[in-house]
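Everything on this sheet refers to the single structure shown next.
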Amino acid sequence: MNDNNLFSSIFAVLGASITSFYAHLAPWLLLGMILVIADLRFGIMAAKKRGEKIRFSRAIRRTINKMVDYLCWVTLAEVCSMTFEITIGVPVISMGMLFIIYGIEINSCVNNYLEYKGIKKKFNFYKLVGKEELLDDVTEEKRKVTTIEEREVTKTSPKDDNQ
């Protein structure tokens with residue numbers, strides 16, 4: 001009977017400390033969950049449009065892995081905030097980390113959506129910071145690659161192939 005009280009007390013203390021640590025991080029965790037689910041949905045729709053075979057066990061496994069990754073990233077951002085906010089005064093490091101991580105997921109969601117809708121453009125979240133256009137033409141990227149390949153082919157002469 002005494003062991004049950006000890007375990008109950010330990011878990012109550014651990015639960016309270018974990019709850020207090022994550023209490024103000026709930027919006028970030030909720031945002032991560034929403035983005036991961038949206039990425040899963042649009043990724044499945046884009047894969048169906050491409051004619052790929054969808055394995056739901058793999059999709060669920062990757063989705064759970066992403067959610068755990070976001071939990072780890074948000075935890076790391078909070079630890080950095082607790083460590084460096086005292087010195088700097090503003091949680092710049094944790095805000096930067098979360099901006100980068102959530103930007104990657106937003107890119108993935110929007111690009112899967114654009115591919116599903118058949119729009120031949122690529123979205124780049126980080127161009128919000130600059131003054132560049134957010135959507136790039138996919139065909140323009142292919143032209144650049146083709147031009148580079150043509151330059152490499154023209155650099156080698158027929159004499160080099162014979163020797």
Side-chain angles (χ1 to χ4, degrees), residues 18-85 87-157 161:
I18 289 171
T19 304
S20 68
F21 182 82
Y22 285 108
H24 68 283
L25 299 174
W28 292 108
L29 295 171
L30 183 64
L31 175 63
M33 189 171 73
I34 289 169
L35 287 173
V36 168
I37 291 171
D39 189 38
L40 172 68
R41 182 172 191 276
F42 294 136
I44 288 173
M45 293 165 73
K48 282 182 181 178
K49 182 158 184 158
R50 288 189 302 260
E52 295 177 6
K53 182 181 177 188
I54 298 165
R55 296 185 304 176
F56 287 103
S57 62
R58 183 172 184 231
I60 291 170
R61 184 181 71 239
R62 291 183 69 191
T63 300
I64 291 171
N65 283 343
K66 274 188 176 183
M67 287 186 183
V68 170
D69 287 345
Y70 279 103
L71 176 66
C72 291
W73 281 113
V74 169
T75 303
L76 184 62
E78 177 62 16
V79 169
C80 287
S81 175
M82 294 171 101
T83 304
F84 297 111
E85 184 178 6
T87 308
I88 300 172
V90 178
V92 176
I93 296 171
S94 59
M95 288 170 47
M97 285 175 57
L98 293 176
F99 181 77
I100 291 169
I101 297 305
Y102 285 114
I104 292 169
E105 193 66 24
I106 289 170
N107 274 345
S108 178
C109 288
V110 173
N111 286 329
N112 280 334
Y113 177 76
L114 292 174
E115 186 175 347
Y116 163 67
K117 288 296 186 178
I119 300 170
K120 302 286 184 192
K121 294 190 179 275
K122 289 285 182 183
F123 176 78
N124 189 351
F125 175 77
Y126 300 108
K127 289 186 178 179
L128 285 172
V129 179
K131 295 181 181 178
E132 301 175 30
E133 191 174 325
L134 289 176
L135 294 174
D136 296 328
D137 287 326
V138 175
T139 54
E140 185 176 309
E141 287 180 15
K142 289 181 182 177
R143 280 189 217 132
K144 288 178 186 176
V145 171
T146 308
T147 307
I148 292 170
E149 288 173 353
E150 288 173 358
R151 287 182 194 159
E152 290 176 0
V153 170
T154 56
K155 284 182 184 177
T156 60
S157 64
D161 291 337

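If you read the sequence from its start, that first residue is 1, and numbering goes on from there. Everything numeric here is computed off the predicted structure, so don't read it as measured data.
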Quiz prompt | Side-chain donor/acceptor of Ser81 to backbone N/O of Ala77, under 3.5 Å | solution = no
Quiz item: What distance do Leu35 atom CG and Ile101 atom CD1 have between them, rounded to the nearest 0.5 Å?
Solution: 12.0 Å
Quiz item: Taking all non-hydrogen atoms of both residues, which atom of Lys48 and which atom of Ile54 are closest, and how far apart?
Solution: CG-CD1, 3.2 Å
Quiz item: Roughly how far, to the nearest 0.5 Å, is the CG atom of Asp69 from the CG atom of Leu76?
Solution: 12.0 Å
Exercise. Please name the pair of heavy atoms, one in Trp73 and one in Leu98, separated by the smallest distance, quoted to 0.1 Å.
Key: O-CD2, 4.4 Å
Quiz prompt | Spacing of Asn112 atom CG and Tyr116 atom OH [to the nearest 0.5 Å] | solution = 12.5 Å
Quiz item: Mind checking what makes salt bridge (Lys or Arg N to Asp or Glu O under 4.0 Å) contact with Glu78, not counting sequence neighbours?
Solution: none
Quiz item: So, for Cys80 and Met97, which heavy atoms are closest and what is the spacing to 0.1 Å?
Solution: SG-SD, 4.0 Å
Exercise. Keeping to residues at least two apart or across chains, list the ring-ring contact (aromatic ring centres under 6.0 Å, His included) pairs with something in residues 49-68.
Key: none
Self-check item: salt bridge (Lys or Arg N to Asp or Glu O under 4.0 Å) partners of residues 53-64, not counting sequence neighbours, each pair once
Solution: none
Quiz prompt | Met33: side chain to side chain contact (heavy atoms under 4.5 Å, CB included) partners, not counting sequence neighbours | solution = Leu30, Ile37, Met67
Self-check item: Rounded distance [0.5 Å steps], OH in Tyr22 versus CG in Leu71
Solution: 4.5 Å
Exercise. Sequence neighbours left out, what pairs pass salt bridge (Lys or Arg N to Asp or Glu O under 4.0 Å) with at least one residue falling in residues 35-47?
Key: Asp39-Lys66
Quiz item: Which pairs pass ring-ring contact (aromatic ring centres under 6.0 Å, His included) with one or both residues in residues 90-115, sequence neighbours excluded?
Solution: Trp28-Tyr102, Phe42-Tyr113, Tyr70-Tyr102, Phe99-Phe125, Phe99-Tyr126
